[in-house]
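A short write-up of the structure that comes next.
Just so you know, ligand 1 is whichever comes first in the structure, and atom 1 is the first atom listed for that ligand. What you see below is based on every heavy atom in this structure, not just the backbone, and it leaves out hydrogens, waters and symmetry mates.
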Amino acid sequence: MSEQKQPDMIIIGAGPAGLSAAQYAARAGLSAHVFEEMAPGGQTLIVDELENYPGYDDPVSGYDLAVKFANQAEKFGAVIHYAAIDSVEHREDGMFEVKTPDGEFIVPVVIVATGAKRRELGVPGEKEYQGKGVSYCATCDGPFFKEKKILVVGGGDSACGESLFLSKITSHVVVVHRKERFRAQRGIVGLMEHDEHIERRMLHTVNRIEGDTKRVTSVNFHDIAQNRDYSEAFDAVFIFVGALPRTQLVPFAETDESGYIKTDGRMRTSVPGLYAVGDVRDTPFRQVVTAASDGAIAAHDAAEYIDELHGRTYV
Ligand code: NAP
């Protein structure tokens with residue numbers, strides 16, 4: 001790619017954070033290229049119904065919202081590439097060299113919006129029965145288990161929220177959590193408590209997932225309070241035990257003890273010109289609305305950063 005055609009920024013990831021950054025940057029007259037290896041939407045895609053995104057008084061599906069985010073960013077001139085970035089190098093002159101299947105880019109700003117991937121539980125049988133009853137996405141796989149007995153593992157917003165979705169598919173949902181209390185938002189826990197299709201079992205861990213080689217048939221638990229192990233029949237196991245930030249492309253960015261990229265209030269990282277937004281950064285609250293907000297803040301600051309590089313200042 002020739003020097004004249006270089007964009008102002010590369011945004012890695014087309015979830016709500018990346019697409020919001022693209023929209024704000026493009027609307028501010030910057031040329032923003034977004035790279036996404038899958039479909040736009042990120043984690044939002046696996047949310048069946050979002051009822052807390054401002055402006056939507058009727059719940060909106062994660063997919064529908066993601067499409068709107070992408071269309072809006074493109075409408076303002078952002079370019080979305082559906083390709084995985086090969087590498088990002090921070091050069092001595094402060095620029096970033098970004099290698100992609102669509103060419104090599106030299107840019108002053110990179111916005112990392114790579115999100116986080118689902119964490120595995122790490123018990124025997126989990127890998128063996130993935131796609132045969134073990135799942136990490138209720139919206140994708142829940143409908144295969146109509147009126148079957150489903151186990152949900154975890155105690156955060158994902159486990160509790162997705163158990164509510166699964167309870168519409170079957171009247172036999174059991175949620176197990178290793179602590180005495182769920183860490184999910186109170187509103188979600190309240191809905192679970194009033195859902196007669198959901199049984200909550202606290203102080204329980206999963207020892208192993210069992211099956212007949214073709215599909216999951218049962219799960220072996222440890223009941224912490226009673227200090228005993230037991231097996232119980234289940235048709236499916238949905239695992240929501242947190243996420244791991246995707247930071248592999250920018251190992252030079254400083255992270256916290258959990259691996260999330262450290263940022264300041266303007267989404268700036270430890271590296272000038274490198275921003276991190278959404279689930280990949282060290283934020284206390286991971287929502288679509290906070291991801292979108294991160295993107296807007298990063299794009300705004302990046303515009304000032306680029307102006308400063310060009311010797312221009314706002315009046
Ligand atoms: P999370 O908040 O990190 O919760 C993970 C849950 O899994 C915790 O309850 C944790 O237990 C449990 N856990 C972790 N490792 C485990 C293991 N080895 N065995 C058993 N249990 C284990 O993850 P999340 O629920 O996926 O949410 C991720 C982020 O997205 C959060 O910031 C959340 O607020 C956000 N989110 C928001 C919404 C929404 O607002 N609608 C929906 C989904 C996600 P402990 O409690 O004991 O640590």
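- The closest approach between Q43 and ligand 1 stays at or above 4.0 Å for every heavy atom of the residue.
- What sits closest to atom 37 (C) of ligand 1 on the protein, heavy atoms only, is Q287 NE2, 3.2 Å.
- For D195 against S167, the heavy-atom pair with the smallest separation is OD2-OG, 2.6 Å.
- Looking at D93 and R91, a side-chain N of the basic residue comes within less than 4.0 Å of a carboxylate O on the acidic one, giving a salt bridge.
- Considering each of R118, E162, R181, R178, the one bringing a non-hydrogen atom nearest atom 10 (C) of ligand 1 is R178.
- The shortest contact between atom 41 (N) of ligand 1 and any protein heavy atom is with N52 ND2, 4.2 Å.
- Residue pairs meeting the ring pair (Phe, Tyr, Trp, His ring centres under 6.0 Å) criterion with at least one member in residues 132-157, sequence neighbours excluded, do not occur.
- Cluster membership check: V174 shares its hydrophobic cluster with V237, using side-chain heavy-atom separations under 4.5 Å among Ile, Leu, Val, Met, Phe, Trp and Tyr.
- D8 contributes a side-chain N or O that, together with a main-chain N or O of S31, makes up a donor-acceptor pair within less than 3.5 Å.
- Atoms of ligand 1 found under 4.0 Å from any heavy atom of K179 (numbered from 1 in listed order, with element): 45 (P), 46 (O), 47 (O), 48 (O).
- Proximity of F285 to ligand 1, defined as any heavy-atom pair under 4.0 Å, is not found for any part of the residue.
- Distances from atom 4 (O) of ligand 1 to the heavy atoms of G161, S258, G156 show the closest one on G156.
- Ranking the protein heavy atoms by distance from atom 31 (C) of ligand 1 puts R286 CB, 4.1 Å first.
- Closest protein heavy atom to atom 24 (P) of ligand 1: S158 OG, 3.3 Å.
- Ion pairing of R208 with E126 is absent here, as no side-chain N (NZ or NE/NH1/NH2) approaches a carboxylate O to less than 4.0 Å.
- Nearest to atom 14 (C) of ligand 1 among the protein's heavy atoms is V241 O, 3.3 Å.
- If you number the atoms of ligand 1 from 1 as listed, the ones under 4.0 Å from a heavy atom of H177 come out as 9 (O), 11 (O), 45 (P), 46 (O), 47 (O).
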message = Checking D279 against Q43 for the side chain to side chain contact (heavy atoms under 4.5 Å, CB included) test, could you report, in this order, the C-alpha distance in whole Å, the side-chain angles of both residues, the deciding distance, and whether it holds?
response = CA-CA 9 Å; D279 286 4; Q43 291 289 319; 4.2 Å; yes

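- For atom 22 (C) of ligand 1, the protein comes within 4.0 Å by at least one heavy atom.
- Atom OH of Y260 is separated from atom OG1 of T247 by 10.5 Å, given to the nearest 0.5 angstrom.
- Regarding atom 9 (O) of ligand 1, its nearest protein heavy-atom neighbour is G155 N, 3.0 Å.
- If you check which protein heavy atom lies closest to atom 42 (C) of ligand 1, you get D157 CB, 3.6 Å.
- The nearest non-hydrogen atom to atom 8 (C) of ligand 1, considering only E51, E49, R119, R183, comes from R183.
- Under the 4.0 Å criterion applied to side-chain N and carboxylate O atoms, R201 and E199 are assigned as salt-bridge partners.
- For ligand 1, the atoms lying closer than 4.0 Å to a non-hydrogen atom of L121 are 17 (C), 18 (N), 19 (N), 20 (C).
- Salt-bridge annotation for D86 and K99: absent, with no side-chain N of the basic residue lying under 4.0 Å from a carboxylate O of the acidic one.
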